[in-house]
Amino acid sequence: MTEKLSDTGRETVLAPLLANGWEMTEGRDAIKKTFKFEDFTEAFSWMTRAAMWAEKWDHHPEWFNVYNTVEVTLSTHDVGGLSSLDAKLARKFDAL
Ligand SMILES: C[C@H](O)[C@H](O)[C@H]1CNC2=NC(N)=NC(=O)C2=N1
């Protein structure tokens with residue numbers, strides 16, 4: 001069962017992500033990051049790989065793409081805020 005991240009969970013799990021370009025979203029319990037690529041093909045290829053992981057883990061990003069830029073927001077809709085699944089997906093997105 002997915003749960004909202006606790007205060008200690010936030011410190012341990014979110015800190016490395018916040019040090020790696022992720023930011024807290026204003027007015028909402030979510031994290032966001034803008035990924036930049038060489039061109040649209042690179043951006044969309046990354047999105048395709050990211051989508052496969054999202055589907056595999058049944059945890060999906062909110063994202064917006066224009067040309068070589070992908071703005072990603074992660075939050076767990078089922079719990080109305082951040083859970084460990086968001087951190088897991090964020091780490092995967094950074095690694096892809
Ligand atoms: C029914 C299905 O498992 C749920 O709706 C999943 C799908 N993907 C999801 N993605 C995200 N980001 N949050 C969720 O709560 C969520 N729930």
Side-chain angles (χ1 to χ4, degrees):
M1 171 57 201
T2 310
E3 286 174 11
K4 245 189 185 184
L5 278 178
S6 64
D7 287 350
T8 41
R10 276 158 203 272
E11 280 170 31
T12 50
V13 155
L14 291 184
L17 293 170
L18 298 176
N20 199 31
W22 292 89
E23 292 172 65
M24 293 303 299
T25 302
E26 198 112 336
R28 191 177 165 199
D29 193 26
I31 51 172
K32 62 177 177 152
K33 183 173 177 176
T34 299
F35 292 84
K36 282 266 186 189
F37 299 89
E38 202 62 30
D39 54 24
F40 178 72
T41 303
E42 291 295 322
F44 200 77
S45 150
W46 179 85
M47 289 175 82
T48 304
R49 282 178 281 129
M52 296 298 137
W53 285 100
E55 193 57 14
K56 183 181 166 77
W57 289 339
D58 192 29
H59 196 67
H60 302 88
E62 299 168 31
W63 55 13
F64 179 75
N65 161 241
V66 176
Y67 183 49
N68 66 341
T69 302
V70 185
E71 293 170 18
V72 178
T73 300
L74 298 178
S75 188
T76 302
H77 311 132
D78 294 344
V79 302
L82 285 166
S83 76
S84 60
L85 288 175
D86 299 304
K88 183 179 170 183
L89 202 58
R91 288 192 297 269
K92 177 56 77 179
F93 282 9
D94 281 341
L96 283 175

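Order of appearance sets the numbers: ligands from 1, and atoms from 1 within every ligand. Heavy-atom basis, side chains included; hydrogens, waters and symmetry copies ignored.
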Considering only heavy atoms from C-beta outward, does the side chain of Phe64 approach that of Thr69 to under 4.5 Å?
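Counting from C-beta outward, Phe64 and Thr69 never come under 4.5 Å.
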Check whether more than 12 heavy atoms from other residues, nucleotides or ligands sit under 6.0 Å from atom OH of Tyr67, and answer yes or no.
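Result for OH/Tyr67: enclosed.
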Is a donor on one side and an acceptor on the other found under 3.5 Å between the side chain of Lys33 and the backbone of Asn20?
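Looks like yes, one N/O pair under 3.5 Å.
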Exactly one candidate in Thr2, Leu74, Asp86 meets side-chain contact (heavy atoms from CB on, under 4.5 Å) with His59; the answer is Asp86
Check each of Leu14, Thr25, Thr76, Val13 against Leu82 using the side-chain contact (heavy atoms from CB on, under 4.5 Å) test, and report the only one that passes.
Leu14
Amino acids contacting ligand 1, non-hydrogen cut-off under 4.0 Å
Asp58, His59, His60, Ser75, Thr76, His77, Asp78
May I ask you to check whether Trp46 and Phe93 place their ring centers less than 6.0 Å from one another?
yes
